[in-house]
Amino acid sequence: MPDATRRTRLLAVLRKVTSKPLPADDEESLFESGLLDSFALPDLVSALEQEFSLEVPDRDLNPRKFDSIARMEAYLEEHAA
Amino acid sequence: MTAYLHGFGMHLPERVVANAEIAARVDRTAEWIESVSGIRERRWAASTTSVADLAVAAAQDCLTRTGVEASTLGLVIVAGGSAPPGFPGPAAEVAARLGLDSTPALDIPLASAGALFGLVLAVQMAGRFGDVLVVGAEKMSAILEAHPLDPNTAILFGDGAGAALVSARPGRWEILDTVLHSDGQFREILAFDWTSPLRMNGLSVILQAARKLPSAIEEVLARQNLVAGDVTAFLLHQANHNLLLRVAKSLGVPPERVYSNVARYGNTSSASLLIAAAEWSLGNPPPGPVVFSAFGAGLHWGALLARG
């Protein structure tokens, strides 16, 4: 079930990492749209870890897991407290 | 096992390939290449130059700088991922051209992290074999030119070689500790086999490197009760200037403490660590802890802590 607070916090993290407008479509690739590049991605993962008090293990350092708002929500639903 | 770094050497091909030349071939601009990589130019060797040619030149420079006769070497290690496929690898030729006819010579075909693995191996072997010459040599242009240029990789790589002399005899920098790691589950994100173009998932590579380099550095420092702020210089594999800045930020150190020559030479894979060390050492560096660290295809990564 979607968690409104978690989503709000996720969007706040994304706005901190990128100055570009967030996509209206949660499924849109943040990399293909140019919202994130290879050097923003490590910052995003670190910011998610800090905001949600979680540790993303190296085996999860796969860009596809963080490719869209929907995928990040799914990851956080599974891993964030 | 106590071992020391006595000095370094390097060799770069003469031909300078500026961004404009690459940009024209991959339908990009020179400014774009510099913005995404920090690279302004690189050196590409002539078609007739081999990986062994580059390695021998760097080896000889290292032997000259350290005042060591090749005949006294106990072991030669040559790292690199761009030698032609098949066997023997370049180490045997390098040893032979240094005038050695019975000294063991070992190839480490690890690409970017190869020279670091070679240094760590040398630390372990120096007590048994004597002076160890470690060389990282690459002709990355051969990999790029083997297939139509891909803008994502053609902009990055250069040719060159670096070398280091490791010995159990006391020398300029005492090696205090080392850490090495490998994780094959991500082996497909950066790979090459000559039958198809170099494959690089840049997003994955940067994401992994941005984590693993600072992690290995902090690991080796913690083992010696040191922190990043204690280190006088960080000598890293010169993959991308933006990555070097990212590592400095993660470690909480000023960016100028992380040595960078990637703007002039591009990413020379396994050669870059020792080319960086060779240039850095010419600048009369102050005494204190120095960290060497590399990350590359495999994945392989690690760090070496020395004190001058």
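Lettering of chains follows the sequences in order, A, B, ..., and the numbering in each one begins at 1. Computed from heavy atoms alone, side chains included, the values below leave out hydrogens, waters and symmetry copies.
Contact annotation for A:Asp43: both backbone and side-chain heavy atoms come within less than 4.5 Å of a heavy atom of chain B. Contacts of A:Arg64 with chain B are absent, with no heavy-atom separation under 4.5 Å from either backbone or side chain. Residue B:Val205: no heavy atom, backbone or side chain, is found under 4.5 Å from chain A. Interface remark: B:Asn240 contributes side-chain atoms only to the contact with chain A (heavy atom separation under 4.5 Å). Contacts of B:Leu245 with chain A are absent, with no heavy-atom separation under 4.5 Å from either backbone or side chain.
Separation of atoms CG (B:Leu149) and CD1 (B:Ile22) is listed at 6.5 Å; rounding is to 0.5 Å.
Side-chain contact annotation: B:Glu279 with B:Tyr259, donor-acceptor N/O pair under 3.5 Å present. For the residue pair B:Asp159 / B:Tyr265, no side-chain donor-acceptor distance below 3.5 Å is found, with atom types taken as modelled. Counted by atom type alone, A:Ser68 and A:Glu27 present zero donor-acceptor pairs between their side chains at under 3.5 Å.
The two residues B:His237 and B:Ser272 make their nearest non-hydrogen contact at ND1-OG, 2.6 Å.
When each of B:Asp183, B:Leu243, B:Ile206 is scored by its heavy-atom pairs under 4.5 Å with chain A, the top score falls to B:Ile206. Ranked by heavy-atom pairs under 4.5 Å with chain B, the first of A:Asp37, A:Val45, A:Leu36 is A:Val45.
Taking the six-membered ring for Trp and thresholds of 30 and 60 degrees, B:Trp301 and B:Phe295 have ring planes inclined between 30 and 60 degrees apart.
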